[in-house]
Protein chains: 2
Amino acid sequence: MDARQKILVAAEKLFAEHGFEGTSTRTLSQEAGVNLAMISYYFGSKEDLYKTLVTERTAPFRDAIESFVSLETTAWQKMELIIDGYVDRMFESSSLHKIIYRELSMDNSPIYEIIVNHISKNMQNVRRIIEMGIESGEFKPDVESQLVMPTITGTIVQVIKSPTLSISLLGLDPKTNSIFDEKHKNHLKKYLKSLIKSYLLN
Amino acid sequence: MDARQKILVAAEKLFAEHGFEGTSTRTLSQEAGVNLAMISYYFGSKEDLYKTLVTERTAPFRDAIESFVSLETTAWQKMELIIDGYVDRMFESSSLHKIIYRELSMDNSPIYEIIVNHISKNMQNVRRIIEMGIESGEFKPDVESQLVMPTITGTIVQVIKSPTLSISLLGLDPKTNSIFDEKHKNHLKKYLKSLIKSYLLN
DNA sequence: AGTTTTTAATTAAACGATTGATTAATTTTT
DNA sequence: AAAAATTAATCAATCGTTTAATTAAAAACT
C-alpha cells in the first residue's frame with residue numbers, strides 16, 4: 001500500500017473515531033506510518049484530504065439504488081433490496097458512515113455539500129419507488145413516502161454508531177459478541193423488512 | 001442572565017453547530033459576550049464545561065419515561081406517549097440532541113459515559129413496556145422489543161440533524177418553511193405512531 | 001446610615017503547547 | 001540524469017489555560 005492510500009485508511013479510521021477537528025495531522029501521519037508532510041504533498045491540506053476521502057469512498061455507493069427503480073419486480077421486492085443493500089454497505093464501511101451521518105448535522109462542514117448530494121439522490125429514488133407502489137395499489141394509499149428512508153438509515157445509524165451501546169441493549173456480552181456479526185446483521189435486516197412491510201403493505 | 005448561563009447557552013449552540021473540538025474558547029466567549037477567562041472561572045476547563053452542559057441539560061429529560069411504565073393504560077397508549085414525548089423534547093432542544101447523538105459515535109468523548117447512561121435507561125424502559133404488551137397479547141408475539149427505540153430516535157435524529165435536507169426532502173421551500181413548524185412536528189408524530197403501530201399491534 | 005472591609009466577578013495580557021502547513025535537503029525510483 | 005517520493009526542521013497562528021490587576025457587589029462595622 002502506497003503512502004497516499006495509507007493516509008486515506010488512517011484518516012477514515014481517525015475521523016470516524018475522533019472527528020475531523022479532533023484528529024491532528026501529526027496523529028494522522030503517525031497512524032498511517034508516513035511523514036507529516038505527505039498529507040500536504042498528496043492532498044494539499046487536511047481539509048482537502050477530508051473532501052477527497054469522502055468523495056472517493058462514497059462514489060462506489062452512489063447510484064446503487066438508481067438501478068433498482070427500473071427493475072421488473074414488485075415495489076416491495078425493491079424495498080427489500082434497498083434494505084439489504086443499506087444494511088450491508090453501512091455495516092461494511094461503518095467508519096465512513098459514522099462520518100457521513102455525523103457531519104450531516106454541521107451545515108458548515110467542509111464535506112456538507114458532498115454528503116447532502118450523496119444522500120438526497122438515494123432518498124429521492126426510494127421515494128419514487130414507494131410512490132410507484134402506491135400508484136399500483138401494492139402499498140397503502142396514505143403512507144409517507146418521504147419519511148421511510150430516514151427511518152431505515154436512522155435505525156441502522158443508531159446501531160452502528162455505538163456498537164457498545166447496541167450490544168448491551170440486546171442484552172449480550174460485549175466481550176464475546178460484536179454488532180458486526182453476520183447474525184446480528186441479518187437480525188437487523190429482518191427487523192427492518194418486517195417493520196417497513198407492515199407499514200407499507202396492504 | 002448571568003455570565004455562567006450565557007456561557008452554557010453559547011456552548012450549546014456552538015458545540016451543536018461546530019462540534020466540541022471545532023469550537024474554540026475564544027469564539028465561545030465572544031458568542032456568549034463574556035471574557036475568555038470566565039470559562040475557566042466558572043467551569044474549570046472547556047472539557048468540564050462540556051460535561052456540565054450535557055449533565056445539566058439532560059437531567060430534566062431523564063426518568064420521564066420511567067413514570068409511563070406504571071400507568072394504568074394499554075401498552076400502545078404508553079407507546080404513543082413515548083413517541084409524542086420524544087418528538088416534542090427533541091424538537092424543543094434540537095441543539096442538545098444533535099450533540100448527544102453525534103458524540104454517541106465517539107467512544108472516547110468526554111461526555112460518552114454521560115450520554116450512554118442517559119440513553120440506555122430510557123431504552124430499557126421502552127423495551128419493558130413493549131414486552132408487557134407482548135405478554136398481554138396486545139402486541140404481536142415476535143416483535144423486536146430492543147430495536148423499536150433506535151427506530152424512533154433514529155428517525156427523529158435524521159429529521160432534526162439537518163433541517164435543510166429534511167425540508168428539501170419533503171419538497172418544501174426552505175425560505176418559507178421550517179422543519180420545526182408545529183405542522184411538521186405533528187406530521188412526524190403521526191408518521192411514527194402509524195409506523196410503530198402497524199409493526200407492534202395485532 | 002455611611003464607611004470600611006471582604007468577597008465575588010471581570011478584565012487584559014501573557015504562558016507554553018499544539019496546530020496545519022511549508023521549506024529545503026535527501027533518498028528513491030524511473 | 002530527471003522526476004518523484006520522503007525526510008527533519010521550522011513557520012506563524014491558534015489553541016486552552018493562567019496570571020495579576022481591576023472593578024463591582026456584599027458584608028461588617030462604627
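So that the names make sense, note that chain A is the first sequence line, chain B the second, and so on, each numbered from 1. What you see is a predicted model, and the numbers here were worked out from it, not measured in a lab.
- Between B/Gln30 atom CD and D/dT14 atom C1' the separation is 14 Å, expressed in whole Å.
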Between the protein and nucleotides 24-30 of chain C, list every N/O to N/O distance that falls short of 3.5 Å.
none

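- Protein atom OH of A/Tyr41 is 15 Å distant from nucleotide atom P of C/dT23, rounded to whole Å.
- Using a 4.0 Å heavy-atom distance criterion, B/Tyr42 is classed as a sugar-phosphate-only contact.
- The interatomic distance linking B/Met38 (CE) with D/dT17 (C1') rounds to 15 Å, in whole Å.
- Between the OH atom of B/Tyr50 and the C1' atom of D/dC15 there is a distance of 18 Å, rounded to whole Å.
- Protein atom CD1 of A/Ile39 is 17 Å distant from nucleotide atom P of C/dT23, rounded to whole Å.
- Among the heavy atoms of the strands lying under 4.0 Å from B/Ala3 are primed sugar atoms or P, OP1, OP2 only; no base atom is included.
- For NZ of B/Lys183, the number of neighbouring non-hydrogen atoms (other residues, nucleotides, ligands) closer than 6.0 Å is 12 at most.
- Rounded to whole Å, the distance from CG on A/Asp2 to P on D/dA5 is 9 Å.
- For A/Glu144 and B/His187, the side-chain atoms include at least one donor-acceptor pair closer than 3.5 Å.
- Across all their heavy atoms, A/Glu12 and A/Ile99 have their closest contact at O-CD1, 3.7 Å.
- Rounded to whole Å, atom C1' of C/dT10 lies 18 Å from atom CD of B/Gln5.
- A salt bridge (Lys or Arg N to Asp or Glu O under 4.0 Å) with A/Glu31 is found for one member of A/Lys6, A/Arg26, A/Lys13 and no other, namely A/Lys13.
- Whole-Å rounding puts the A/Asn35 CG to C/dT23 P distance at 15 Å.
- Between B/Glu182 and B/Lys185, at least one side-chain nitrogen of the basic residue sits less than 4.0 Å from a carboxylate oxygen of the acidic one, meeting the salt-bridge criterion.
- Using a 3.5 Å distance cut-off with no hydrogens or angles, the side chains of B/Ser109 and B/Tyr50 do not pair a donor with an acceptor.
- There is no side-chain donor-acceptor pair under 3.5 Å between B/Tyr101 and A/Ser105.
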Between the protein and nucleotides 17-20 of chain C, are there any N/O to N/O pairs under 3.5 Å, and if so, what are the atom names and distances?
from	atom 1	to	atom 2	distance (Å)
C/dG20	OP1	A/Thr23	O	3.4
C/dG20	OP1	A/Lys46	NZ	2.6
C/dG20	OP2	A/Thr25	N	2.6
C/dG20	OP2	A/Thr25	OG1	3.0
C/dG20	N7	A/Arg26	NH2	2.6
C/dG20	O6	A/Arg26	NH2	2.8

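- Between the side chains of B/Ser145 and B/Glu131, at least one donor N or O lies within less than 3.5 Å of an accepting N or O.
- A side-chain N or O of B/Tyr191 and one of A/Thr151 form a donor-acceptor pair less than 3.5 Å apart.
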